[in-house]
Amino acid sequence: MNTPAEDDQQGMLDGVATSFVGRLLDFSVDGVGPFTSAGQVVTAARKDHGSDVENAIDAIVKDHVRKAAAGGFATGLGGIFTMPVALPANVLGFYTLAARMVASIAELRGYDVSTKGARAAVVLCLVGADADDLLQKAGLSTAAGLTGSGRLARLATTRLPRAAAMMVNKAVGFRLLTAVGGRALGRVIRFVPIAGGVIGAGLDGFLMKRIADHARSEFVAQSTEQGQALTEGTQQS
């Protein structure tokens, strides 16, 4: 049994993890200040590529991979002297970009990213293979067939209860926040300025592309009828 102090500490950690994912969703899906929303990104891509969804997705992925690489280069450029400050900011920026990219892919494939289920699916896509474990911890692994390939697409069309959505956000938040330490250890070579920037650019670009590939495989295209049914169901709920 935990002591009151341990319970208070756990409560603070829970709050930090949930708040972290909430901020990611606020910036990436809804857009805050100068950071454009997923909807705005999709609108711009449709303007350039018309009804060709896959070309629009290609363009969005390339843009976000390029921006991730630029962020990784800037983080590693100062070497070990700037890492303690730059890396946490880079992690937040990286996953905000990644969440916006995933939400844009989902929207172009016919999903309503304003729903709790879709937003949970977007953040789960950021953790890759760990999504299965986090779904199980949230008690959702056997609900509505949320196992195996395409489970995030099914989650995106599920009327997810608020409590379940909060559990997913907390679990993902903990998993992403541990990336701060893990990525720091993996970039010790960044003590050499310039070389560290090149390595950071390559690593962040690679990771963004891997998340994009995962999002493409999970969010399969929905038919027009499916999209309309989902929208109507959301409006009624």
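In what follows, every heavy atom counts, from backbone to side chain, and hydrogens, waters and symmetry copies are set aside.
Remark: R23 CZ is loosely packed, at most 12 non-hydrogen atoms of other residues, nucleotides or ligands lying under 6.0 Å away. Remark: R210 CZ is loosely packed, at most 12 non-hydrogen atoms of other residues, nucleotides or ligands lying under 6.0 Å away.
Although no hydrogens or angles enter the test, the distance criterion places a donor-acceptor pair under 3.5 Å between the side chain of Y111 and the main chain of V220. The backbone N or O of A45 lies less than 3.5 Å from no partner atom in the side chain of H49, so there is not a single donor-acceptor pair. No side-chain donor-acceptor contact under 3.5 Å links R119 to the backbone of A165.
Between D213 and K209 there is a salt bridge, with a side-chain nitrogen of the basic residue lying less than 4.0 Å from a carboxylate oxygen of the acidic one. Residues R109 and E54 are paired through a salt bridge, judged by an N-O separation under 4.0 Å between the basic side chain and the carboxylate.
Residues R100 and K67 form a side-chain contact, since some pair of their non-hydrogen atoms from C-beta on lies under 4.5 Å apart. F94 has its side chain out of reach of L126: every pair of non-hydrogen atoms, C-beta onward, lies at least 4.5 Å apart. Counting heavy atoms from C-beta outward, V61 and R216 have side chains that approach closer than 4.5 Å. For the pair R175 and D133, the minimum side-chain heavy-atom distance is below 4.5 Å. Contact of the L25 side chain with the N169 side chain is registered, since non-hydrogen atoms from C-beta on lie closer than 4.5 Å. Between R46 and L108, some side-chain heavy-atom pair lies under the 4.5 Å cut-off. Contact check for D30 versus S37: no side-chain heavy atoms found under the 4.5 Å cut-off. For the pair L155 and L135, the minimum side-chain heavy-atom distance is below 4.5 Å.
The shortest heavy-atom contact between D112 and S114 is OD1-OG, 2.7 Å. Among all heavy-atom pairs drawn from A156 and T115, the shortest one is O-OG1, 3.8 Å. Residues A98 and I211 share a closest heavy-atom pair of CB-CD1, 4.0 Å.
Under the side chain to side chain contact (heavy atoms under 4.5 Å, CB included) rule, V113 has a single partner from I105, V29, V102, which is V29.
Summarising the geometry, atom CE belonging to M208 is positioned 9.5 Å from atom OH belonging to Y95; distances are rounded to the nearest 0.5 Å. Atoms CZ and CG, on F27 and L97 in that order, are 12.0 Å from each other to the nearest 0.5 Å. In this structure, the separation between CG on D132 and CG on L124 is 9.5 Å, given to the nearest 0.5 Å. Between M101 atom CE and I57 atom CD1 the span is 11.0 Å, to the nearest 0.5 Å. Here the CD-CZ distance, from E218 to R151, works out to 4.5 Å after rounding to the nearest 0.5 Å.
When the side chains of ILVMFWY residues are joined at heavy-atom separations under 4.5 Å, either directly or via intervening members, F219 and V127 end up in a single hydrophobic cluster. When the side chains of ILVMFWY residues are joined at heavy-atom separations under 4.5 Å, either directly or via intervening members, V122 and L207 end up in a single hydrophobic cluster. No continuous path of hydrophobic side-chain contacts links M166 to L160 [ILVMFWY only; heavy atoms under 4.5 Å].
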